[in-house]
Amino acid sequence: MEIMLRAFGQLTEIIKTNVVALPDGADSDALVQELQKMYPALAAKKYMIAIDKKTISRNTGLAEGSTVALLPPFSGG
Amino acid sequence: MEIMLRAFGQLTEIIKTNVVALPDGADSDALVQELQKMYPALAAKKYMIAIDKKTISRNTGLAEGSTVALLPPFSGG
Amino acid sequence: MNDRKPKNIFTQGAISPAFIGESIAKHSSQKNIGAHSLFLGQVRSDMIDGKTVAAIDYTTYEEMALEKMQQMRETLFEKYALTCMHIHHSLGRVAAGDISLFVFTSASHRRAAIDACAAIVEQIKAELPVWGKEIFEDESYHWKTNTAI
Amino acid sequence: MNDRKPKNIFTQGAISPAFIGESIAKHSSQKNIGAHSLFLGQVRSDMIDGKTVAAIDYTTYEEMALEKMQQMRETLFEKYALTCMHIHHSLGRVAAGDISLFVFTSASHRRAAIDACAAIVEQIKAELPVWGKEIFEDESYHWKTNTAI
């Protein structure tokens, strides 16, 4: 299945794709593993994950067409 | 001796003089008694007293030319 | 003792929103400022005993108020890491909907600006010798009282 | 669930002091307002590793930020007796000395306006998906981090 990927802030410098192909039934942990394989620099970075605009606090299932965003610490204002 | 008197806020409606003659050595309690004799409506009013711009919290001596201000509760802002 | 003449804070009539905008603009050259906190007091058309407040007429004991404000300013600058503070209070008549108090604190970081602004507003309400006379639409009046909220 | 489209809070570039003045002026017709509290975030020319910040370039995850802001707004109105609240955050480049955040709360009484303003500023800093990239005078950069002060 295809996952839409969005990176923000500092992570835009590491992540260069906006689509990731994963086996059907993959979850957010699987996505992170795949991304770290593609972009080893990601492992050292601090970020939260949002699936379809909701941040998650534990491993969460993904579906075809889910939009996953990687959010480094916010620094607005 | 002569005391300069200033009234503010609601008390401007009661107190109509700006000079009060008192015996030499009179204190703020004596002034209040004198003012309540002149303006009986004053007795029912809430106010603080300032002598030469400093508020007092107890009976305080007055001197020739002291400026005594009667300050109803503040309501600025 | 500080013999310096206290800074004036009083302005005749309402404080205009354009003046507030200009005050903000003046701070753009102070590039160590990261946060501004502003408090504005606006005259409410309260209903009191069936009558509506049309304006407040403010008076003060000016010499005492300016000395008091100067003391409050010095204490505040000792307590909070402020870059600057500006206070403007109206005297005379201010119509309902217009602004009669403008408090403006600036600092490098937000906590100092926000906390100092909130603190000085409370002090102004409680300790500054200023009196408001609420004028109703029929020109009768009521002496304003300040509350803790 | 609230399906209403969230209100936009983002504006391209700096927020002008004149716009802030105009926002204040618009409230003079709301005669139940007694207090306004405003917070302004101004870009500091911080020195980082010997280089001076000339501007901050802000980006956001807009769809998520607007939904988040809408939730924060609803929670705030449940907690505080506000008349209104307006939030403006810059996107893109804002020069040092210019304003990138404008928070404006109004209420009948000061405690609600002041407390709500302080609360929403903290939430914006901590929970709104916005990122600031501090651009130095030589065009190199540093990713901004927010602090609790």
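Throughout, protein chains are lettered first and strands after them, A, B, ... in sequence-line order, and every chain is numbered starting at 1. What's counted below: heavy atoms across the whole structure, side chains too, no hydrogens, waters or symmetry copies.
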Engineer: Looking at K125(C) and N146(C), what are the two nearest heavy atoms and their distance?
Structural biologist: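 Nearest pair, atom of K125(C) first, then N146(C): O-ND2, 3.2 Å.
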Engineer: Answer yes or no: is there an ion pair linking D49(C) with K51(C), defined by an N-O contact shorter than 4.0 Å?
Structural biologist: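 Salt bridge absent between D49(C) and K51(C).
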Engineer: Kindly state whether the ring of H86(C) and the ring of H27(C) have centres lying under 6.0 angstrom apart.
Structural biologist: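 Yes, the ring centres sit under 6.0 Å apart.
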Engineer: At a 4.5 Å cut-off on heavy atoms, which part of E63(C) comes close to chain B: side chain, backbone, both, or neither?
Structural biologist: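 For E63(C), the contact with chain B is made by backbone and side chain together.
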Engineer: Sort Q71(C) into side chain, backbone, both or neither according to what part of it lies under 4.5 angstrom from a heavy atom of chain B.
Structural biologist: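 Only the side chain of Q71(C) comes within 4.5 Å of chain B.
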Engineer: What residue, out of L40(C), I124(C), L128(C), T59(C), has the most heavy-atom pairs lying under 4.5 Å from chain B?
Structural biologist: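 It is L128(C).
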Engineer: Relative to chain B, which of P129(C), A65(C), G132(C) shows the most heavy atom pairs under 4.5 Å?
Structural biologist: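 Winner by heavy-atom pair count: P129(C).
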Engineer: For T60(C), is it the side chain, the backbone, both or neither that has a heavy atom under 4.5 Å from a heavy atom of chain B?
Structural biologist: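 Only the backbone of T60(C) comes within 4.5 Å of chain B.
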Engineer: Quick check on S100(C) against chain B: is it the side chain, the backbone, both or neither that has a heavy atom closer than 4.5 Å?
Structural biologist: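 For S100(C), the contact with chain B is made by the side chain alone.
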Engineer: Could you tell me if the ring centre of H88(C) sits under 6.0 Å from that of F19(C)?
Structural biologist: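 Centroid separation for H88(C) and F19(C): below 6.0 Å.
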Engineer: Looking at the rings of Y58(C) and W131(C), which for Trp means the six-membered one, are their centres under 6.0 Å apart?
Structural biologist: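 No; W131(C) has its ring centre 6.0 Å or more from that of Y58(C).
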Engineer: Under a 4.5 Å cutoff for heavy-atom pairs, which residue among F39(C), F102(C), Y141(C) has the most contacts with chain B?
Structural biologist: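 Looking at each of F39(C), F102(C), Y141(C) in turn, Y141(C) comes out on top.
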Engineer: With side chains defined as the heavy atoms from C-beta onward, is the minimum distance between T17(B) and M38(B) less than 4.5 Å?
Structural biologist: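 A side-chain contact exists here, since the closest heavy-atom pair is under 4.5 Å.
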